[in-house]
Amino acid sequence: MERYLKVLRLFWGTAIAAELEYRLNFIITALISLGGLVGSLFGLFLFYRTGYQFAGWSWEEALLVLGLFTVLQGFSTTLLIPNLNKIVTQVQQGTLDFVLLKPISSQFWLSTRVISPWGLPDVLFGLVMIGYSGDRLGLTWADYGLALLPLTFGAITLYSLWFMLGATSIWFVKIYNVTEVLRGLLEAGRFPIAAYPAAYRVFFTFVVPVAFLTTVPAQTMLHQGGRGWLLASGLLAIVLALLANRFWRFALRFYTSASS
Amino acid sequence: MVHKALKIARVMLSVYYAYMVEYRAELVFWVLSGTFPLILMGLWVEAAQGDRFDLTPTELVQYFLAVFLVRQFTVVWVIWEFEREVVEGRLSSYLLQPVDPAWRHFFSHVSERFARLPFAFLLVGLFLLLYPYAAWLPRLDNLLLGLLATVLAFCLRFLMQYTFALAAFWIERASALEQFWFLPYTFLSGMVAPLALFPDAVRAAVLWTPFPYLIYFPASLLINRPDHVAQGFAAMVLWSALFWGLNRWLWRQGLRQYSGMGA
């Protein structure tokens, strides 16, 4: 365990040092996420401006969901995109061999090798949005703390899904865009799941569990929805995390290297 | 002259079509990754149940299906390819050929459309199975105008992105420009909602920008709700002319700047 922490520190230290060479990038990405935020607010406003409400979600509560979505988006820009999208390249060029030779878990290596600080503006803006709407709704620190649990579960779920999709590149090699499909579907998490028609709700709960990423944490924060959802969210995260690990080990049996 | 141009076009189309078909599976995933309009369709259909908005749920299903299709045919990625060519110096070899390299990119995009066509229609068919009541046929004149508008929208979008791509001669990450541009494109083009649902002041302002003509305008023609047709086409032609001029000027300036790094 201690060895892993040490490795992690080295990984992230070098990654951040490398990324900080491009400081202008930081301003650009901050501006882009600010623009994205304005756009999403505009999109949400289009629904609410005539007095329509997503079933049971006031404007502030919907903002809460959007804030949580933005935080998760920042999380995936920081950790998931730079690492998991690289699995494809590793398989394609055969450099996965070097990873497998290292005396640490290959899943750990592949999932944490790089960290990119460019997702931080998103996390920050998301937190500001949560803070603003939470303040308007009279939420306390205890409520935010409570939401941390399902949010962590959501992050684990997201990571596991992404990792499993990345792992399928062992068979299909060029599947960059599979993760793009996932990313496209995750966009649904911008809005509370109650805003969708029944068929969509089923799909986004049971097929692509978007509901557990943003809606459940928001509900927990608002003391709605009951313990059942929280429990389901935890179960889902644990099952998917275990499955991801199993799946990776299974996939590795089919790895035949390339050009080495 | 014309004969030669046609021949070049035909050869490029068939070559790039072959490239594209090689990665069919990848193509399916690209089609599927454009699900954003379908997600918003769900939201708007649910929202319109209460008759609070100007459009009926059926019209909204039709609108977002049309948006999905228009978007499939106007996807452009030239900036990433051009940026790589400049940064890696591969542009040099293309400059030696007697055809402007822009045409290579253009025809590679066009031929990809043909490869994408069957999958996109399959997905639309699937949606019509889910929403059979929304099935509609565009009137013939609207269909023809809508197709023309889609083609023009693709050309305009390609032209705009290629113009930004030329910034690669001066800066290393030209694609950041496209990332900026993509934000207003997403939120103002009618992808998140038909312009009829925008506040009046915003709509009036947005109509002066090129964005609504890229998606909203062709899509509304296709669902038989034409909206200021002549004005729309005029705006598209004007914006295209503007970007064409800028593009050619930047191209001439950029070539002087280009040093063939890394080649």
Side-chain angles (χ1 to χ4, degrees), chain A residues 22 24-25 27-29 31-55 62 88 118 165 171-201 203-204 208 210, chain B residues 22-54 57 61 127 130-131 171-173 175-200 202-203 206:
Chain A
Y22 308 97
L24 185 64
N25 253 359
I27 300 173
I28 294 176
T29 40
L31 281 174
I32 289 177
S33 38
L34 190 66
L37 189 72
V38 173
S40 334
L41 283 176
F42 174 67
L44 195 60
F45 165 73
L46 286 180
F47 287 98
Y48 277 82
R49 84 190 170 91
T50 53
Y52 168 75
Q53 274 200 349
F54 295 148
V88 181
W118 312 136
L165 279 181
W171 290 281
F172 307 120
V173 187
K174 245 191 118 179
I175 47 131
Y176 267 117
N177 30 30
V178 173
T179 49
E180 282 301 311
V181 177
L182 178 68
R183 238 148 56 112
L185 290 173
L186 291 178
E187 291 285 327
R190 282 173 192 275
F191 305 97
I193 220 72
Y196 293 95
Y200 279 65
R201 283 202 292 265
F203 181 80
F204 287 127
V208 183
V210 174
Chain B
E22 195 186 341
Y23 297 109
R24 276 172 307 241
E26 203 182 14
L27 236 122
V28 175
F29 288 126
W30 280 128
V31 171
L32 286 178
S33 67
T35 44
F36 191 58
L38 302 182
I39 291 174
L40 276 147
M41 176 201 287
L43 289 168
W44 279 113
V45 167
E46 185 73 8
Q49 300 294 348
D51 257 351
R52 205 187 284 271
F53 296 97
D54 289 343
V61 172
F127 246 82
L130 287 175
Y131 292 94
I171 54 177
E172 264 178 54
R173 266 196 69 208
S175 52
L177 285 175
E178 170 62 20
Q179 282 176 311
F180 264 122
W181 194 251
F182 194 73
L183 291 170
Y185 170 69
T186 307
F187 295 105
L188 302 180
S189 64
M191 210 186 319
V192 292
L195 257 65
L197 300 176
F198 280 23
D200 291 334
V202 178
R203 184 173 54 235
V206 165

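Residue numbering restarts at 1 for every chain, and letters A, B, ... go by the order of the sequence lines. Just the heavy atoms: all of them, side chains too, but no hydrogens, waters or symmetry mates, feed the values below.
Ranked by heavy-atom pairs under 4.5 Å with chain B, the list Ala55(A), Ala199(A), Gly51(A) is led by Gly51(A). The residue among Val202(B), Leu38(B), Leu130(B) with the most heavy atom pairs within less than 4.5 Å of chain A is Leu38(B). Ranked by heavy-atom pairs under 4.5 Å with chain B, the first of Val38(A), Leu182(A), Leu185(A) is Leu185(A). Your options are Ser40(A), Gly39(A), Gly184(A), and the one with the most heavy-atom pairs under 4.5 Å with chain B is Gly39(A). Of the listed residues (Ala176(B), Pro184(B), Ser33(B)), the one with the most heavy-atom contacts under 4.5 Å to chain A is Ser33(B).
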| said: Checking Trp44(B) against Leu46(A) for the side-chain contact (heavy atoms from CB on, under 4.5 Å) test, could you report, in this order, the C-alpha distance in whole Å, the side-chain angles of both residues, the deciding distance, and whether it holds? | reply: CA-CA 10 Å; Trp44(B) 279 113; Leu46(A) 286 180; 4.1 Å; yes
| Yes or no on side-chain contact (heavy atoms from CB on, under 4.5 Å) for Tyr200(A) and Met41(B), after CA distance, side-chain angles and deciding distance? | CA-CA 10 Å; Tyr200(A) 279 65; Met41(B) 176 201 287; 4.0 Å; yes
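Shown here are the side chain to side chain contact (heavy atoms under 4.5 Å, CB included) partners of Thr29(A), two or more places apart in sequence or in another chain: Trp118(A). Not counting sequence neighbours, the partners of Ala188(A) by the side chain to side chain contact (heavy atoms under 4.5 Å, CB included) test are Tyr196(A), Phe204(A), Val210(A), Ile39(B).
Gln179(B) CD to Ile28(A) CD1: the interatomic distance, rounded to the nearest 0.5 Å, is 8.5 Å. Atom-to-atom distance recorded for Arg183(A):CZ and Thr35(B):OG1 is 12.0 Å, nearest 0.5 angstrom. To the nearest 0.5 Å, atom CG of residue Leu183(B) and atom CD1 of residue Ile32(A) are 6.5 Å apart. For the atom pair CG (Leu43(B)) and CZ (Arg190(A)), the distance works out to 11.0 Å, reported to the nearest 0.5 Å.
In plain terms, the two heavy atoms of Gly42(B) and Pro197(A) that are nearest each other are O-CD, 3.2 Å.
Heavy atoms closer than 4.5 Å to chain B are found in both the backbone and the side chain of Tyr52(A). Residue Leu32(B) touches chain A through both its backbone and its side chain, counting heavy-atom pairs closer than 4.5 Å. Leu31(A) touches chain B through backbone and side chain together, each having a heavy atom under 4.5 Å away. With a 4.5 Å cut-off on non-hydrogen atoms, Pro199(B) touches chain A through its backbone and its side chain both. Neither the backbone nor the side chain of Val31(B) comes within contact range of chain A; no heavy atom of the residue lies under 4.5 Å from a heavy atom of that chain.
For residues 188-198 of chain B, a heavy-atom distance under 4.5 Å to chain A picks out Leu188(B), Val192(B), Ala193(B), Leu197(B), Phe198(B), given by residue number.
The list of salt bridge (Lys or Arg N to Asp or Glu O under 4.0 Å) pairs with a residue in residues 180-193 of chain B, not counting sequence neighbours, is empty.
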